[in-house]
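The structure appears below as structure tokens.
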Amino acid sequence: QVQLVESGGGLVQPGGSLRLSCAVSGSIFRIDAMGWHRQAPGKQRELVAGITNEGSTNYEDSVKGRFTISRDSAKNTVFLQMNSLKPEDTAAYYCYAQRVRRSRYEAGSDYWGQGTQVTVSS
């Protein structure tokens with residue numbers, strides 16, 4: 001069974017930093033892409049950052065230059081380093097894994113983590 005386990009959220013002051021981690025458990029053959037979405041109260045969920053198996057990255061405009069996504073493919077883990085945090089970054093952050101295959105013969109499925117809360121406040 002495939003599960004995504006997130007960690008690293010919390011309360012931080014404006015200008016501070018946090019590092020989120022998300023590990024995919026289970027016997028995995030390949031994950032095409034991993035990344036993070038976030039959802040603030042009363043707002044739609046939005047993509048924050050994503051990274052492909054080949055290492056290509058993309059970021060939401062408001063986090064460019066402040067957030068860095070990285071991936072340890074051997075450990076099926078993705079990280080989000082968040083610096084210069086702002087109150088508007090406050091949200092629940094959800095990890096995703098796109099097209100997870102447990103063997104080369106599978107079509108693959110997408111999975112989501114349970115979410116971790118990031119609160120930026122003084």
Residue pair Tyr59, Ile69: steps toward the side chain to side chain contact (heavy atoms under 4.5 Å, CB included) verdict = CA-CA 9 Å; Tyr59 295 92; Ile69 190 169; 3.4 Å; yes
Measure across [X] and [Y] and return the closest heavy-atom pair with its distance rounded to 0.1 Å.
| X | Y | result |
| --- | --- | --- |
| Tyr93 | Glu6 | O-OE2, 3.9 Å |
| Ser62 | Arg38 | OG-NH2, 3.3 Å |
| Leu80 | Ala49 | CD1-CB, 4.1 Å |
| Cys22 | Met34 | O-CE, 4.1 Å |
| Ile31 | Asn53 | O-CB, 3.5 Å |
| Ser70 | Val78 | O-CG2, 3.2 Å |

Is there a side chain to side chain contact (heavy atoms under 4.5 Å, CB included) between Ile28 and Val2 once you walk through the steps?
-> CA-CA 8 Å; Ile28 305 298; Val2 175; 3.9 Å; yes
Please answer: with hydrophobic residues joined when any side-chain heavy atoms are less than 4.5 Å apart, are Leu20 and Trp112 in the same cluster?
-> no
Co-membership, hydrophobic cluster, residues Tyr111 and Val48, 4.5 Å side-chain = yes
Between Arg66 and Glu88, is there a side-chain N and carboxylate O pair less than 4.0 Å apart?
-> no
Does the pair Asp89/Lys86 count as a salt bridge with the N-to-O cut at 4.0 Å?
-> no
Measure the shortest side-chain to side-chain distance between Ser121 and Pro87 over non-hydrogen atoms and say whether it is less than 4.5 angstrom.
-> no
With the side chain counted from C-beta on, respond yes when Thr90 and Gln117 share a heavy-atom pair under 4.5 Å apart, and no when they do not.
-> yes
Hey, what do you get for CD (Gln13) to OG (Ser122), rounding to the nearest 0.5 Å?
-> 7.0 Å
Between atom CG of Asn76 and atom CZ of Arg30, what is the distance when rounded to the nearest 0.5 Å?
-> 11.5 Å
Lys43 backbone acceptor or donor facing Gln39 side chain under 3.5 Å = yes
Does NZ or CZ of Arg45 fall inside the cone over Tyr94's six-membered ring, less than 6.0 Å from its centre and within 45° of the axis?
-> yes
Give a yes/no verdict on a cation-pi contact between Arg19 and Trp36, requiring under 6.0 Å between NZ or CZ and the six-membered ring centre and an angle within 45° of the axis.
-> no
Worked check of side chain to side chain contact (heavy atoms under 4.5 Å, CB included) between Glu60 and Leu47 = CA-CA 6 Å; Glu60 195 270 330; Leu47 174 68; 5.8 Å; no
Residue pairs passing the salt bridge (Lys or Arg N to Asp or Glu O under 4.0 Å) test with at least one member in residues 106-122, sequence neighbours excluded, are Arg102-Glu106
Determine, step by step, whether Thr119 and Val12 satisfy the side chain to side chain contact (heavy atoms under 4.5 Å, CB included) criterion, reporting the C-alpha distance in whole Å, the side-chain angles of both residues, the deciding distance to 0.1 Å, and the verdict.
-> CA-CA 6 Å; Thr119 301; Val12 65; over 6 Å; no
Over 12 foreign heavy atoms within 6.0 Å of CD, Glu54 = yes
Examine His37 together with Tyr96 and report whether their ring centres are nearer than 6.0 Å.
-> yes
Any luck finding a side-chain donor-acceptor pair between Asn83 and Ser17 under 3.5 Å?
-> yes
